[in-house]
Amino acid sequence: MAKIIVVTSGKGGVGKTTTSASFATGLALRGHKTVVIDFDVGLRNLDLIMGCERRVVYDFVNVINNEATINQALIKDKHCENLYVLPASQTRDKDALHKEGVARVLDELRQSFDFIVCDSPAGIERGAMMAMYFADEALVVTNPEVSSVRDSDRILGILASKSRRAEQAEEPVKEHLVLSRYAPERVERGDMLSVDDVMEILAIPLLGVIPESPSVLQSSNSGVPVILDEASDAGGAYGDLVARFLGEQRPHRFLSVEKKGFFKRLFGN
Amino acid sequence: MGLFDYFRSKRQSSTAAVAKERLQIIVAHERGSGRRHSPDYIPALKRELLDVVRKYVQVEQDQIKVHVDREGDYEVLELNIILPDDDGPPKGRAPAPTRG
């Protein structure tokens, strides 16, 4: 049975799409057949981050409206074998997503995939609600910053009360914290909320901490999910995150300031 | 400069600590009506209970606290009424479990 995972946050710009792209890629790299769906109708961007923007022909809304089959709309990822992308529509308005249509598409995808990753838009309107509604698990992407933490708390409230699992009194959606854009040196200076602070406030288990890293922008520039840049800190952190999601024990890295060696001190980074 | 920073950071309280405190307050407040949702009959229940209690003892509006907690798969309705000092025992407490 396929597992549906929503990547959500409430606030925009915290790293939902970056996380969706790397998380889905990571699952696929480990041999799980995975599809990642962009729910941001009207403002699609997952295709750019995944580097498949020029291969979009049909989209999610076309499938919902029976204008294309699911196989026509799915884009096979060029970096990795078991991965497919279902892009959002760029032209329609967000009301094009409705519960019955989304349910039908997800049911069809369930037949052939192990994991369905739903990249939620920011906010709590239709697209975001639809991305959350059918989820079995949720990655709540949060920055160590007041507005992001507050919005994440609101999202947790919605997952607990308005999701399908909540409505049907099933086991609640399993929540995971993904703390992104983390800067240990600023935490040490007392300028940034620490992992422990955020965990104490949100009270959900931590899946991974992604350090603030230039490699994230470099990866999105070139349309290659950052997890594939294994040498980078953010890429490594996403690799660990996926391993933990699949049940492996991995220590959290990048939580403290890296001690600079003599030469680094001398010549800078 | 390192030494200078050391003394300065001692004097200033960190902005992260301020952020945490503000978040804890606002999040607790917002959860009251959203997450771990308290049922919407609570305000009415509180008013009516206060009316009943006031028939016998004069208590202030803010001296009654109603709280719904979830423990496992049952809910506990907790009711705290602080009675004024001169009448009877200083504090009354009546936790009353309700629905299963």
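The sequence lines fix the lettering, A, B, ..., with proteins before strands; numbering per chain opens at 1.
- Aromatic ring centres of A/F39 and A/F60: separated by under 6.0 Å.
- Checked by atom type, the side-chain pair A/S219/A/D229 shows no donor-acceptor distance below 3.5 Å.
- With chain A as the partner, the residue from B/K20, B/Q24, B/R22 showing the most heavy-atom pairs under 4.5 Å is B/K20.
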Trace of the side-chain hydrogen bond (donor to acceptor under 3.5 Å, both in side chains) decision for A/D197 with A/S194: CA-CA 5 Å; A/D197 292 341; A/S194 70; 3.3 Å; yes

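- Annotation: maximal heavy-atom pairing with chain B below 4.5 Å, among A/V149, A/V198, A/V146, A/V187, occurs at A/V146.
- No more than 12 heavy atoms of other residues, nucleotides or ligands lie within 6.0 Å of CD in A/E171, so this atom counts as exposed by the packing criterion.
- Among A/M192, A/R186, A/R150, A/E200, the residue making the largest number of heavy-atom pairs under 4.5 Å with chain B is A/R150.
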